[in-house]
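Let me begin by presenting the structure, written as structure tokens, before commenting on it.
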Amino acid sequence: MPGGDGHRAARALCAGPDDVLLAVEPCYVGMTGAARILGVEVVPVPEGADGLDPATVAAVARRVRAAGKRPRALYVVPNFANPSGVSMPVPTRRRLLEVAAEQDLLVFEDDPYGLFGLDDDPRPTLKSLDANGSVVYLGSFAKSCFPGARVGFLVADQVVVDDAGRRTLLAEEMSAIKSMLTVNTSPIAQAVIGGVLVESGCSLRAANRDKIEFYRHNLRTLLTALEEHFPPAERERHGVRWNVPSGGFFVVVEVPFPADEKLLQVSAERHGVLWTPMSFFYQDGGHHALRLSCSYLGPDRIREGVRRLSG
């Protein structure tokens, strides 16, 4: 699951006090929260409109080294990221891998949303583009099968060598750490996921045809409702704007006032509308933005929620 396998990967690589994890910001709170519990220092790398800028990644890595610490890995969600919805262009993906090799960084590629684009255009994973063994791919069945399974997976085919010269795969070392942290993933949950895969010919895309259409329709509904209830003149007058993701579950709305927990409480109590303050996903930032999620509600409730939000 996102953040689940990620935190085990972080623990495996960031074993010493000077080891640092770089992470895209804004960042999924499950990852940053787990790293905090494990005592792994997280250094944010700001995300732009097209995702991470590889030059910024390199600059942050150099700054961390200049401070006497060691950047070990970079956490990123290249497809329809949570919370920003941003998807990284292919040329940027290629350059990011070049920077990772130059800076001796492993890249933790978390990809729970990759199936759920608004179109069927192929979006190559970082792992599929990786020629230098820089990428550890983190996958999840929580979005593609069902959340209650809490089953994820990773592809970590890098060879590691211990002090005695013994060679193993990074995946084996991470598996050993997982067994100490969680004992084992429920065999019942694993069997259920296995059954879903067998029934669909081991194709997650085939298993998710209905979900893909559902999520596409929901995201289009959300974006259309925002356009309807926040027309251009009103947006200009009040300073409201939002991004237009090409897939996934999330839209970020920028507002001219603090979108904090107090405002969220008012929104919930008076209007019955929930959203997430973007500040939750920053070390210090996102104070004037909120995240809207469209993964659960049906189209009618999405439209009604946006209508209430606009009022």
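What you see is a predicted model; the values in this text were computed from it and never measured.
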- Note on the structure: side-chain hydrogen bond (donor to acceptor under 3.5 Å, both in side chains) filter on D120, not counting sequence neighbours, yields R216
- Message: Is it the case that the side chain of N132 and the backbone of S134 share a donor-acceptor pair, with hydrogens and angles ignored and the cut-off at 3.5 Å?
- Response: no
- Query: Between the side chains of E261 and Q265, is a donor N or O closer than 3.5 angstrom to an acceptor N or O?
  - Reply: no
- Query: Using 4.0 Å as the upper bound for N to carboxylate O, is an ion pair formed by R72 and D18?
  - Reply: no
- Note on the structure: The remaining residues in the hydrophobic cluster of V86, counting side-chain heavy-atom contacts under 4.5 Å among Ile, Leu, Val, Met, Phe, Trp and Tyr, are none
- If you take all heavy atoms of F80 and G114, which pair is closest and at what distance? CE1-O, 4.0 Å
- Taking the side chain from S267 and the backbone from V273, do they hold a donor-acceptor pair closer than 3.5 Å? yes
- Message: With a sphere of 6.0 Å drawn around CZ of R94, does it hold more than 12 non-hydrogen atoms of other residues, nucleotides or ligands?
- Response: no
- Does Q190 reach the main-chain N or O of T185 with its side chain, forming a donor-acceptor pair under 3.5 Å? yes
- Query: Is there a donor-acceptor contact under 3.5 Å from the side chain of N208 to the main chain of S144?
  - Reply: yes
- Item | Heavy-atom side-chain proximity of F250 to P245 below 4.5 angstrom | no
- Any sub-3.5 Å donor-acceptor pair from Q283's side-chain atoms to V42's backbone N or O? yes
- Task: Count the heavy atoms of every other residue, nucleotide or ligand shown that sit under 6.0 Å from CZ of R167, and state whether that count exceeds 12.
- Result: no
- Would you say the side-chain atoms of T224 pair up with the backbone N or O of R220, donor to acceptor, closer than 3.5 Å? yes
- Given the rule in the side-chain contact (heavy atoms from CB on, under 4.5 Å) test, do E25 and V45 qualify, once you have shown the distances and angles that lead to the verdict? CA-CA 6 Å; E25 187 178 67; V45 182; over 6 Å; no
- Message: Can you confirm whether R209 is buried at CZ, in the sense that more than 12 heavy atoms of other residues, nucleotides or ligands lie under 6.0 Å from that atom?
- Response: no
- State yes or no: do V240 and F257 share one hydrophobic cluster built from I, L, V, M, F, W and Y residues joined by side-chain heavy-atom distances below 4.5 Å, directly or via other members? yes
- Message: Do E304 and R308 make a side-chain contact, defined as non-hydrogen atoms from C-beta onward lying under 4.5 Å apart?
- Response: yes
- Find the distance between OG (S128) and CZ (R123) and round it off to the nearest 0.5 Å. 13.0 Å
- Message: Around atom CZ of R241, are there more than 12 heavy atoms from other residues, nucleotides or ligands closer than 6.0 Å?
- Response: no
- Quick one: do V90 and L126 end up in the same hydrophobic cluster if we chain Ile, Leu, Val, Met, Phe, Trp and Tyr together by side-chain heavy atoms under 4.5 Å apart? no
- Query: What are the two closest heavy atoms between S295 and F214, and how far apart are they?
  - Reply: O-CE2, 3.6 Å
- Got V24 and L74 here, is their nearest side-chain heavy-atom distance under 4.5 Å? no
- Query: Measuring from D111:CG to S140:OG, what's the distance to the nearest 0.5 Å?
  - Reply: 10.0 Å
- So do V60 and L22 actually touch side chain to side chain, heavy atoms under 4.5 Å? yes
- Does V253 reach the side chain of F230, with side-chain heavy atoms less than 4.5 Å apart? no
- Could you work out the complete set of other residues in the hydrophobic cluster of Y282, with links drawn between I, L, V, M, F, W and Y side chains under 4.5 Å apart? V29, V252, M278, F280, F281
- Can W242 be reached from L290 by stepping across I, L, V, M, F, W or Y side chains whose heavy atoms are under 4.5 Å apart? yes
- Please report the closest heavy-atom contact between P122 and P124, naming both atoms and the distance. O-CD, 3.8 Å
- Task: Specify the closest pair of heavy atoms between M88 and R93, including all atoms of both residues, with the distance to one decimal.
- Result: O-NE, 2.7 Å
- Passing option when P231 is tested against H229, E228, E234 for side chain to side chain contact (heavy atoms under 4.5 Å, CB included): E234
- Query: Rounded to the nearest 0.5 Å, how far does CZ of R150 lie from OG of S186?
  - Reply: 12.5 Å
- Hey, could you give me each pair passing salt bridge (charged side-chain N to carboxylate O under 4.0 Å, His left out) that has a residue in residues 272-300? Not counting sequence neighbours. D300-R303
- Item | Heavy-atom neighbours of D260 CG exceed 12 at 6.0 Å | yes
- Considering only heavy atoms from C-beta outward, does the side chain of Y137 approach that of T125 to under 4.5 Å? yes
- Message: Please find the pair of heavy atoms, one from D130 and one from V135, that lie closest to each other, and give the distance.
- Response: OD2-N, 3.0 Å
- Calculate, to the nearest 0.5 Å, the distance between atoms CZ and CG belonging to R95 and L52 respectively. 13.5 Å
- Message: Tell me if the CZ atom of R301 is crowded by more than 12 foreign heavy atoms within 6.0 Å.
- Response: no
- Between A156 and L169 the two heavy atoms that sit nearest each other are O-CB, 4.3 Å
- Message: The criterion is salt bridge (charged side-chain N to carboxylate O under 4.0 Å, His left out); which residues satisfy it with E227, sequence neighbours excluded?
- Response: R235
- In Å, rounded to the nearest 0.5 Å, how long is the span from CG of L309 to CG of L292? 6.0 Å
- Task: Flag yes if V159 and V136 sit in one hydrophobic cluster, no otherwise; membership is Ile, Leu, Val, Met, Phe, Trp, Tyr, and two members link when side-chain heavy atoms are under 4.5 Å apart.
- Result: no
- Item | From CA spacing to verdict: side chain to side chain donor-acceptor pair (under 3.5 Å), Y113, N82 | CA-CA 9 Å; Y113 313 106; N82 181 4; 3.2 Å; yes
- Task: Decide if atom CG of D119 counts as having more than 12 heavy atoms of other residues, nucleotides or ligands within a radius under 6.0 Å.
- Result: yes
- Message: For D19, is there an ion pair with R70 - N to carboxylate O distance below 4.0 angstrom?
- Response: yes
- Query: Taking it one step at a time, do K143 and K211 satisfy side-chain contact (heavy atoms from CB on, under 4.5 Å)?
  - Reply: CA-CA 9 Å; K143 304 299 185 294; K211 285 184 181 178; over 6 Å; no
- Query: What's the verdict on side-chain contact (heavy atoms from CB on, under 4.5 Å) for L21 and V43, showing C-alpha distance, side-chain angles and the deciding distance?
  - Reply: CA-CA 6 Å; L21 174 68; V43 175; over 6 Å; no
- Message: Once rounded to the nearest 0.5 Å, what's the spacing between atom CD1 of I212 and atom CG of L204?
- Response: 9.5 Å
- Task: Describe, in one word, how the ring planes of F116 and Y215 are oriented to each other, choosing from parallel (under 30°), tilted (30 to 60°) and perpendicular (over 60°).
- Result: perpendicular
- Query: Does any non-hydrogen side-chain atom of N218 lie less than 4.5 Å from one of L297?
  - Reply: no
- Message: Any heavy-atom pair between the side chains of V251 and L223 that's under 4.5 Å?
- Response: yes
- Using the rule that two of Ile, Leu, Val, Met, Phe, Trp, Tyr join whenever any of their side-chain heavy atoms come within less than 4.5 Å, decide whether M31 and F141 are in one cluster. yes
- Does V76 offer a backbone N or O that forms a donor-acceptor pair with the side chain of E109 under 3.5 Å? no
- To which residues is V266 joined in a hydrophobic cluster, defined by side-chain heavy-atom contacts under 4.5 Å among Ile, Leu, Val, Met, Phe, Trp and Tyr, whether direct or through other members? none
- Task: Answer yes or no: is there a donor N or O on one side and an acceptor on the other, between the side chain of S200 and the main chain of V196, under 3.5 Å?
- Result: yes
